[in-house]
Protein chains: 2
Amino acid sequence: MKRNSRLSSTLHILVHMAETQEHTLTSEQLAIFIHTNPVVVRRTIAGLRDAGIVTSSRGHGGGWQLGRAPEKISLAEISAALGETLLPFSTEPESPGCLVEQAVIAALDDFRVEAERLLAEKLSRITLADLAADFHRRYALIGVTSHAV
Amino acid sequence: MKRNSRLSSTLHILVHMAETQEHTLTSEQLAIFIHTNPVVVRRTIAGLRDAGIVTSSRGHGGGWQLGRAPEKISLAEISAALGETLLPFSTEPESPGCLVEQAVIAALDDFRVEAERLLAEKLSRITLADLAADFHRRYALIGVTSHAV
DNA sequence: GTTTCATGTAACTAAGTTAGTTACGAGTGG
DNA sequence: CCACTCGTAACTAACTTAGTTACATGAAAC
């Protein structure tokens, strides 16, 4: 797992979970998908459990499952549950009282609020089901190609 | 200078430069504005020079100046010249051949391309002159307040 | 031409962030 | 009880970036 790939790694995991909704997947199995280890997986998706996106159970037969249908899980929720910031820059005052800085921060904050609203809106239109459907399309295509070749 | 505040720090510097277009400002003077040191300033805005946003000159009376009128300098250009990424997440394949991952990456890349276009468009509409004007508004307001009180 | 002032840049240090790892506690079901 | 699994704390390693030091280069003043 590389830096700042938490969103894509998590989506990878979640689509696999969408593909096996009938049974649970352990942290260990999920870790294999994204080439990391079970503790990192638990830590990463702990926030998703709190948001109801996934559920976890302990003991024999325990593991992880989607908390609701993939159609009802948007990328916006996932991103928010991961605690990811959509915009990377900060605007904390460093020279309190400097009017130039205040003007800069005001402009950037306006931009950020608007931008985050836009991005969240876009992400809210993409669901896990969409990703799963695209996966199925690719899977079918490979099958056809295999037959053809 | 804190983490990821390069954009706001740079804007801070640039607005100060817009306010003193008649003469140059040294790295040392600029460093004081953002509470850091001259080398960090030079390193940070080196990219802006390459982009023509600022010019630098050495020796006696040397220093930094805007490369063109503040009306002609947009935040989009500044952000690009700083090498800042507008979106923080990466989508590098980590499991080549995994169709689930391919579907995830395709979706995120589509989103990113569209999002970056949107954000760049928004930033291109804000110029240094806008920030300077807002600064003047704030300055005038303080003046009025001072008279009133 | 020497001195002074300024940028350009390399090299190193310190601090902060995050993934990875180890270890162990706490539920859960056979 | 035992095997399995998550929950979580604590530590390590790698990486990133701001800060710093040092020095070369260039330009103006004298």
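Note on naming: letters A, B, ... go to the chains in the order of the sequence lines (proteins, then strands), and numbering restarts at 1 for each one.
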For A:Asp130, check salt bridge (Lys or Arg N to Asp or Glu O under 4.0 Å) against everything at least two apart and list the hits.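 Testing A:Asp130 for salt bridge (Lys or Arg N to Asp or Glu O under 4.0 Å), a comparison that skips the adjacent residues, returns none.
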
Partner residues of B:Glu121 under the salt bridge (Lys or Arg N to Asp or Glu O under 4.0 Å) criterion, sequence neighbours left out: B:Arg125

Going by side chain to side chain contact (heavy atoms under 4.5 Å, CB included), name the residues that satisfy it together with [X], two or more places apart in sequence or in a different chain.
| X | value |
| --- | --- |
| B:Glu71 | B:Ala69, B:Ala129 |
| B:Arg68 | B:Ile53, B:Lys72, B:Ile73, B:Glu77 |
| B:Ala106 | A:Asp134, A:Arg138 |
| B:Thr91 | B:Phe89, B:Ile105, B:Leu108, B:Asp109, B:Arg112 |

Side chains of B:Trp64 and B:Thr55: is there a donor and an acceptor less than 3.5 Å apart?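 Distance-only check fails for B:Trp64 and B:Thr55.
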
Whole-Å gap separating [atom2] ([N]) and [atom1] ([X]):
| X | N | atom1 | atom2 | value |
| --- | --- | --- | --- | --- |
| A:Trp64 | D:dC6 | CH2 | P | 7 Å |
| A:Arg6 | C:dG20 | CZ | P | 12 Å |
| B:His23 | D:dA28 | NE2 | C1' | 18 Å |
| B:Ile32 | D:dG19 | CD1 | C1' | 16 Å |
| A:His60 | D:dC2 | NE2 | P | 13 Å |
| B:Glu28 | C:dT7 | CD | P | 9 Å |
| B:Leu30 | D:dG19 | CG | P | 14 Å |
| A:Ile34 | C:dT18 | CD1 | C1' | 14 Å |

Short side-chain N/O contact to [N] OP1/OP2 from [X], under 4.0 Å:
| X | N | answer |
| --- | --- | --- |
| A:Ser27 | D:dC6 | yes |
| A:Arg42 | D:dG7 | no |
| B:Asn37 | D:dT20 | yes |

Sub-3.5 Å pairs of nitrogen or oxygen atoms, protein against nucleotides 11-15 of chain C:
{"residue": "C:dA11", "atom": "N6", "partner": "B:Arg43", "partner atom": "NH1", "Å": "3.3"}

DNA chain D-proximal residues of residues 45-59 of chain B, any heavy atom under 4.0 Å: B:Arg58, B:Gly59

Bend across the helix from C:dG1-D:dC30 to C:dG30-D:dC1, to 10°, with axes taken over 5 pairs at each end? 10°

Any ring-ring contact (aromatic ring centres under 6.0 Å, His included) involving residues 7-32 of chain A? Give me the pairs, sequence neighbours left out, ordered by first then second residue.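 Every pair satisfying ring-ring contact (aromatic ring centres under 6.0 Å, His included) with a residue in residues 7-32 of chain A: A:His12-A:His16, A:His16-A:Phe33.
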
Under 4.0 angstrom, heavy atoms only, what part of the nucleic acid is B:Gly61 near: base, sugar-phosphate, or nothing? nothing

For B:Arg58, side chain to side chain donor-acceptor pair (under 3.5 Å) partners two or more places apart: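 Here no residue qualifies.
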
By side chain to side chain donor-acceptor pair (under 3.5 Å), A:Ser95 pairs with (sequence neighbours left out) B:His35

Ignoring hydrogens and angles, tell me if any N or O in the side chain of B:Gln65 forms a donor-acceptor pair with the backbone of B:Gln21 under 3.5 Å. yes

Side chain proximity check, A:Ile78 to A:Leu123, heavy atoms < 4.5 angstrom: no

